[in-house]
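The next block holds one structure in the form of structure tokens; read it before the comments.
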Amino acid sequence: MCGRYVSTRGPEELARHFGVSRWNPEQTLEPSWNVAPTDGVWAVLERPPRGERATAAARRELRVLRWGLVPSWAKDVSTGARLINARVETVHEKPAFRRAFAARRCLLPADGFYEWQPAGTGGGRTRKQPYFIHPHDGTVMALAGLYEYWRDPSVKDDDDPAAWLTTCTVITTDATDATGRIHPRMPLALAPERYDAWLDPGRRDPGGLRELLAPPADGQLDVRPVSPAVNDVRNNGPDLLARVSP
């Protein structure tokens, strides 16, 4: 499971790294060392320009989406709180994800992510030690994700921006590398050479798409114990990444 991650890079840096051709400067996000479900997050995606035919050339965009995928058929947005992750083993067939997997794939930039490991008991409760997991070379992680549009029935005008909510989910896989010692699952990050194929909305073959979702090679990630302060979504700042004694 991926329930928290870190995203501190600005839109200009992300646009350069991912070769983005369109970013609306009015869309902004503050750096976050404690990204939580239902937060706004940066996402890289490709789609034809709005108002043009679906056959028009797709354009790579950097957009702010809401973390927690709300399927188009959902009755309300609360569904998204339960759909922050999609398992790579079943993402192509689950009703909540299969349509997005076929046509609406994205990359979610991250500096790293958090996982928790049981670390004894105290006061009758199991204590969990949080760990920050990140690329050893400090490069940006491109978490494989899906996005979806949800139409708010309470807004009458389709052209009203409030009528549409765009949400996303993170694809997870079996943990490899040092992460496997902490937690059995981890977000699936894609290598740069797979960005284009993953984002291409013209690719629809489930088998070919699933081949892109291979777990990363061992030796790419570093792990360090951090303060339980990250457990509280109200806490946010670079101090959350400081190493502590586990």
(message) Determine whether a donor-acceptor pair (N or O, by modelled atom type, separation under 3.5 Å) exists between the side chain of Trp198 and the backbone of Arg105.
(response) no
(request) Mind listing the closest non-hydrogen atom pair of Met141 and Gly112 along with its distance? (result) SD-CA, 3.8 Å
(message) Is there a side-chain contact between Arg99 and Arg104 in this structure, where contact means two heavy atoms from C-beta onward sitting under 4.5 Å apart?
(response) yes
(message) Same cluster or not: Leu62 versus Leu45, using hydrophobic residues (I, L, V, M, F, W, Y) connected whenever any side-chain heavy atoms lie under 4.5 Å apart?
(response) no
(request) Over all heavy atoms of both residues, which pair between Ala74 and Thr79 is shortest? Give the atoms and the distance, please. (result) CB-OG1, 3.7 Å
(request) Compare every heavy atom of Pro187 with every heavy atom of Leu143, then report the nearest pair and how far apart it is. (result) CD2-CB, 4.0 Å
(message) Show, in sequence, the C-alpha distance, side-chain angles and deciding distance for Glu93 and Arg98, and conclude whether the salt bridge (Lys or Arg N to Asp or Glu O under 4.0 Å) test is met.
(response) CA-CA 5 Å; Glu93 59 188 12; Arg98 62 190 178 198; over 6 Å; no
(message) Any non-hydrogen side-chain atom of Pro130 less than 4.5 Å from a side-chain atom of Asn231?
(response) yes
(request) Nearest 0.5 Å please: distance from the CZ atom of Arg194 over to the CG atom of Leu199. (result) 13.5 Å
(request) Without swapping roles, check the side chain of Arg4 against the backbone of Asn34 for a donor-acceptor pair under 3.5 Å. (result) no
(request) Verify the neighbour count for atom CZ of Arg181: are there more than 12 heavy atoms of other residues, nucleotides or ligands below 6.0 Å? (result) no
(message) Check whether Asp222 reaches the backbone of His134 with its side chain - one donor and one acceptor, N or O, closer than 3.5 Å.
(response) no
(request) Decide yes or no for Cys168 and Leu146: does some side-chain heavy atom of the first lie under 4.5 Å from some side-chain heavy atom of the second? (result) no
(message) For a quick test of reading the model, state the closest non-hydrogen atom pair linking Cys2 to Phe113 and the distance between them.
(response) SG-CB, 4.5 Å
(message) Considering only residues two or more places apart or on different chains, which pairs with a residue in residues 21-32 satisfy side chain to side chain donor-acceptor pair (under 3.5 Å)?
(response) Ser32-Asn236
Would you tabulate the side-chain donor-acceptor contacts of residues 239-246 under 3.5 Å, counting partners in other chains and residues two or more places apart, or write 'none'?
none

(message) Checking Arg66 against Asp39 for the salt bridge (Lys or Arg N to Asp or Glu O under 4.0 Å) test, could you report, in this order, the C-alpha distance in whole Å, the side-chain angles of both residues, the deciding distance, and whether it holds?
(response) CA-CA 6 Å; Arg66 184 180 188 265; Asp39 283 353; over 6 Å; no
(request) Give, for atom CZ of Arg204 and atom CG of Leu209, the distance between the pair rounded to the nearest 0.5 Å. (result) 9.5 Å
(request) Would you mind telling me which of Leu165, Leu69, Val70, Leu65 makes a side chain to side chain contact (heavy atoms under 4.5 Å, CB included) with Glu148? (result) Leu69
(message) For a side chain to side chain contact (heavy atoms under 4.5 Å, CB included) check, start with the C-alpha distance between His92 and Arg210, then their side-chain angles and the critical distance, and finish with the verdict.
(response) CA-CA 8 Å; His92 62 295; Arg210 293 188 68 202; 3.4 Å; yes
(request) Grab the two heavy atoms, one from Arg63 and one from Thr166, that are nearest each other, plus how far apart they are. (result) NH2-OG1, 3.8 Å
(message) Going by ring pair (Phe, Tyr, Trp, His ring centres under 6.0 Å), name the pairs with one or both residues in residues 148-184, residues two or more places apart or in two chains.
(response) Tyr147-Tyr149
(message) Is there a side-chain contact between Leu190 and Leu107 in this structure, where contact means two heavy atoms from C-beta onward sitting under 4.5 Å apart?
(response) yes
(request) Show your working on salt bridge (Lys or Arg N to Asp or Glu O under 4.0 Å) between Arg60 and Asp200 and close with a plain yes or no. (result) CA-CA 9 Å; Arg60 187 166 298 183; Asp200 182 359; over 6 Å; no
(message) Give me the atom names and distance for the closest heavy-atom approach of Ala110 to Tyr5.
(response) CB-CD1, 3.6 Å
(request) Tell me, please, which residues at least two apart from Arg47 pass salt bridge (charged side-chain N to carboxylate O under 4.0 Å, His left out). (result) Glu61
(request) Report yes if some heavy atom in the side chain of Ile133 is under 4.5 Å from a heavy atom in the side chain of Met186; otherwise report no. (result) no
(request) Using a 4.5 Å cut-off on heavy atoms from C-beta on, say whether the side chain of Phe132 contacts that of Val223. (result) no
(request) Check whether any side-chain heavy atom of Leu108 lies under 4.5 Å from a side-chain heavy atom of Val170, and answer yes or no. (result) yes
(message) So, taking the atom named CD1 in Ile171 and the one named CG in Leu213, what distance separates them when rounded to the nearest 0.5 Å?
(response) 5.0 Å
Side chains of residues 6-17: which donor-acceptor partners sit under 3.5 Å, not counting sequence neighbours?
from	atom 1	to	atom 2	distance (Å)
Thr8	OG1	Asp111	OD2	2.4
Arg9	NE	Glu13	OE2	3.1
Arg9	NH1	Asp111	OD1	2.7
Arg9	NH2	Gly138	O	2.7
His17	NE2	Tyr195	OH	3.3

(message) Are the side chains of Thr167 and Trp67 in contact, using a 4.5 Å heavy-atom criterion?
(response) no
(request) Would you check, one step at a time, whether the test ring-ring contact (aromatic ring centres under 6.0 Å, His included) holds for Tyr114 with Trp33? (result) CA-CA 10 Å; Tyr114 297 103; Trp33 291 264; over 10 Å; no
(message) According to a hydrophobic-cluster definition based on side-chain heavy atoms being under 4.5 Å apart (Ile, Leu, Val, Met, Phe, Trp, Tyr only), do Leu83 and Leu188 belong together?
(response) yes
(message) Between Val77 and Ile84, is there shared hydrophobic-cluster membership here, with clusters defined by ILVMFWY side-chain heavy atoms closer than 4.5 Å?
(response) no
(message) Holding to ring-ring contact (aromatic ring centres under 6.0 Å, His included), I want the full list of residues that pass it with Tyr131, two or more places apart in sequence or in another chain.
(response) none
(message) With a 3.5 Å distance limit and no angle check, can you tell me whether Asn235 reaches the backbone of Ala229 through a side-chain donor-acceptor pair?
(response) yes
(message) What I want to check is whether the side chains of Thr172 and Arg185 have a donor and an acceptor closer together than 3.5 Å.
(response) yes
